[in-house]
Amino acid sequence: MHKFTADHIFCINRPVITDQVVITDDFGEILAIEPEAHHDPITVRKFKGAIIPGMINTHCHLELSHMYGKVGTGTGLIPFITSVVTQRNVDPEIISDCIAKADNDMYQAGIVAVGDISNTLDTIITKSISSLKYHSFIEMFDFLQEENANSEFEKYESVFSKFSENLKPSDKVSRVPHAPYSVSKNLFSKINKKNSGLNNITISIHNQETPPEMELFEKGSGSFYAFYEKFGIDLSRFIHDGKSSIHYALENLDKELRTLFVHNTLTTKEDIQAAKEKIKNAFWCSCPNANLYIENRLPNYKNFLESDAKVTLGTDSLTSNWQLSIWEEMKTISKYQSYVPFETLLTWATLNGAEALGFEGDLGSIEVGKKPGLVLIDFQNGQVNWNSSIHRII
Ligand SMILES: [Zn+2]
């Protein structure tokens with residue numbers, strides 16, 4: 001049995017508490033939360049700072065960890081994707097080492113679960129022995145080519161099968177579409193058929209990340225045409241419907257499945273409303289550092305706060321970020337859009353993320369019966385502030 005306390009304890013499911021002790025077993029399961037006065041001080045580990053539950057990273061591409069520093073900042077999404085496609089294949093041993101290191105870095109950064117996009121089998125071994133929980137998203141795309149849907153689906157279905165066979169009991173895996181601009185109706189429908197009726201999985205989709213994505217769907221023009229042409233892909237049969245790209249996704253997603261929209265840098269209140277009307281359980285993942293890295297822009301968080309939307313946080317990959325730390329993502333939001341309250345950011349970083357991945361039974365809040373991981377935000381100059389750092393307690 002272990003007893004922990006600090007100046008503040010953010011349980012997340014209730015207002016901040018003080019003068020309380022969190023009691024856990026050796027594995028971190030919360031046994032009780034009791035007044036500090038009831039316990040002999042010698043039996044309690046007391047920290048200067050705030051205790052929070054372990055954080056949830058709802059969007060990562062662990063398999064791109066080896067491309068740290070390889071792609072320039074501020075180029076926009078299309079040049080970014082081009083760099084990734086042309087540089088991602090290197091020595092498998094380097095790829096594996098970078099994946100294992102990134103997994104450990106996330107653990108040290110107070111992260112307990114990850115929603116991770118996988119196009120390949122590269123992350124299977126690390127995930128099977130990791131202390132972190134993973135919801136792997138086996139991501140499919142056919143560049144809007146209806147006739148290629150079948151072969152692309154089969155290609156990624158074999159990745160899905162291997163993941164299913166090697167999953168540790170705490171983990172999950174699902175088949176997901178990449179983005180509105182890269183998945184044909186045919187491929188959406190193949191993915192939906194396989195996912196239909198599955199309980200407690202999440203579907204993730206990259207959404208409204210770059211102006212050319214919006215232009216493609218709203219006007220039927222823009223730089224996606226030239227980008228696809230460069231790779232020998234013909235977009236001339238693509239019919240735009242004049243609405244923002246999320247509408248194409250909403251028409252083709254399974255409304256019954258929990259859905260995580262990722263990036264949303266150009267998402268409006270109308271888009272959020274449209275998703276609420278269509279999808280039963282929608283979450284909105286923001287990756288602010290990656291948005292600054294790739295596009296040098298951020299979402300307008302007011303749209304999400306005023307719509308009462310469930311926001312989560314993600315890091316994206318080390319190809320488009322300087323580190324994999326949810327605390328650093330919180331800092332960035334606070335720096336540029338300081339109206340988002342600290343406790344709201346904490347909820348995005350913990351409980352909302354756990355719910356988005358279906359891990360809320362165990363993770364996301366400090367409650368009796370859960371095993372959320374405990375993380376200390378230390379005091380700097382006598383308080384928690386953005387110079388504070390993160391320490392793993394259990
Ligand atoms: Zn991504």
Side-chain angles (χ1 to χ4, degrees), residues 1-57 103-114 129-134 168-171 313 324-331 341-355 357 359-394:
M1 199 163 79
H2 304 275
K3 299 177 190 176
F4 305 103
T5 192
D7 300 86
H8 310 292
I9 301 172
F10 290 93
C11 294
I12 308 299
N13 65 325
R14 57 168 153 162
V16 60
I17 55 176
T18 52
D19 304 321
Q20 300 280 315
V21 175
V22 179
I23 304 168
T24 76
D25 69 11
D26 287 344
F27 306 100
E29 183 177 330
I30 312 287
L31 303 174
I33 301 166
E34 294 176 352
E36 199 178 340
H38 294 182
H39 293 269
D40 180 348
I42 267 177
T43 65
V44 179
R45 279 182 73 192
K46 186 160 186 161
F47 296 96
K48 281 235 139 306
I51 292 176
I52 63 167
M55 291 176 272
I56 317 290
N57 179 1
D103 171 79
N104 184 52
D105 287 351
M106 282 197 277
Y107 178 86
Q108 299 300 339
I111 291 168
V112 290
V114 183
I129 53 172
S130 174
S131 314
L132 306 180
K133 283 190 178 189
Y134 280 94
K168 64 181 187 289
S170 60
D171 287 5
L313 298 178
L324 304 179
S325 160
I326 293 300
W327 177 245
E328 291 298 325
E329 303 299 325
M330 291 170 65
K331 271 191 203 176
F342 178 71
E343 289 196 42
T344 300
L345 287 173
L346 264 186
T347 303
W348 293 1
T350 56
L351 190 55
N352 283 8
E355 288 177 3
L357 301 181
F359 289 145
E360 74 278 12
D362 254 357
L363 307 181
S365 57
I366 301 175
E367 287 181 70
V368 172
K370 286 196 180 189
K371 202 178 146 190
L374 297 178
V375 169
L376 176 74
I377 310 174
D378 67 11
F379 267 2
Q380 293 294 326
N381 300 323
Q383 57 175 344
V384 164
N385 57 44
W386 296 115
N387 292 321
S388 296
S389 50
I390 295 294
H391 308 269
R392 188 95 194 199
I393 297 175
I394 193 161

Distance (rounded to the nearest 0.5 Å) between [X] [atom1] and [Y] [atom2]:
{"X": "E329", "Y": "L313", "atom1": "CD", "atom2": "CG", "answer": "7.0 Å"}
{"X": "L132", "Y": "N57", "atom1": "CG", "atom2": "CG", "answer": "9.5 Å"}
{"X": "F359", "Y": "Y134", "atom1": "CZ", "atom2": "OH", "answer": "11.0 Å"}
{"X": "S131", "Y": "D103", "atom1": "OG", "atom2": "CG", "answer": "7.0 Å"}
{"X": "I56", "Y": "I111", "atom1": "CD1", "atom2": "CD1", "answer": "9.0 Å"}
{"X": "S365", "Y": "L346", "atom1": "OG", "atom2": "CG", "answer": "12.5 Å"}

Please enumerate all residues that pass side chain to side chain donor-acceptor pair (under 3.5 Å) together with [X], with sequence neighbours excluded.
{"X": "T43", "value": "K3"}
{"X": "D362", "value": "K133"}
{"X": "K168", "value": "D171"}
{"X": "H8", "value": "none"}

Working note: I33 + R14, criterion side chain to side chain contact (heavy atoms under 4.5 Å, CB included); need CA distance, chi angles, decisive distance, verdict. CA-CA 12 Å; I33 301 166; R14 57 168 153 162; 3.4 Å; yes

If you look at every heavy atom in [X] and [Y], which pair is closest and at what distance?
{"X": "P53", "Y": "I12", "value": "CG-CG1, 3.5 Å"}
{"X": "I394", "Y": "G28", "value": "CD1-CA, 3.9 Å"}
{"X": "L376", "Y": "A6", "value": "CD1-CB, 4.5 Å"}
{"X": "S388", "Y": "D378", "value": "OG-O, 2.7 Å"}
{"X": "A50", "Y": "V384", "value": "CB-CG2, 3.7 Å"}
{"X": "R45", "Y": "F47", "value": "NH2-CZ, 3.5 Å"}

So, do [X] and [Y] sit near enough that their side-chain heavy atoms are less than 4.5 Å apart?
{"X": "I366", "Y": "Q20", "answer": "no"}
{"X": "I326", "Y": "M106", "answer": "no"}
{"X": "I390", "Y": "I377", "answer": "yes"}
{"X": "M330", "Y": "W386", "answer": "yes"}
{"X": "V375", "Y": "V112", "answer": "no"}

Sorted by chain and residue number, the ring-ring contact (aromatic ring centres under 6.0 Å, His included) partners of F10 (sequence neighbours excluded) come out as F342

The complete set of salt bridge (Lys or Arg N to Asp or Glu O under 4.0 Å) pairs with one or both residues in residues 342-355, sequence neighbours excluded, reads K310-E355

Does [X] have any salt bridge (Lys or Arg N to Asp or Glu O under 4.0 Å) partners at least two apart in sequence or in another chain, and if so, which?
{"X": "E360", "answer": "none"}
{"X": "K331", "answer": "E328"}
{"X": "K371", "answer": "none"}
{"X": "E36", "answer": "K46"}

Among residues at least two apart in sequence or on other chains, which ones pass side chain to side chain contact (heavy atoms under 4.5 Å, CB included) with L31?
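Side chain to side chain contact (heavy atoms under 4.5 Å, CB included) check on L31 returns M1, I23, D25.
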
So the ring-ring contact (aromatic ring centres under 6.0 Å, His included) pairs with at least one residue in residues 26-46 (sequence neighbours excluded) are none

Between the side chains of D7 and K48, is the shortest nitrogen-to-carboxylate-oxygen separation below 4.0 Å, so that they form an ion pair?
yes

Within 6.0 Å of CG in N381, more than 12 heavy atoms from elsewhere |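 Counting neighbours around CG of N381, 12 or fewer heavy atoms of other residues, nucleotides or ligands fall under 6.0 Å, so no.
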
Practice item. Give the C-alpha distance, both sets of side-chain angles, the deciding distance and a yes or no for side chain to side chain contact (heavy atoms under 4.5 Å, CB included) between L324 and D105. Key: CA-CA 7 Å; L324 304 179; D105 287 351; 5.7 Å; no

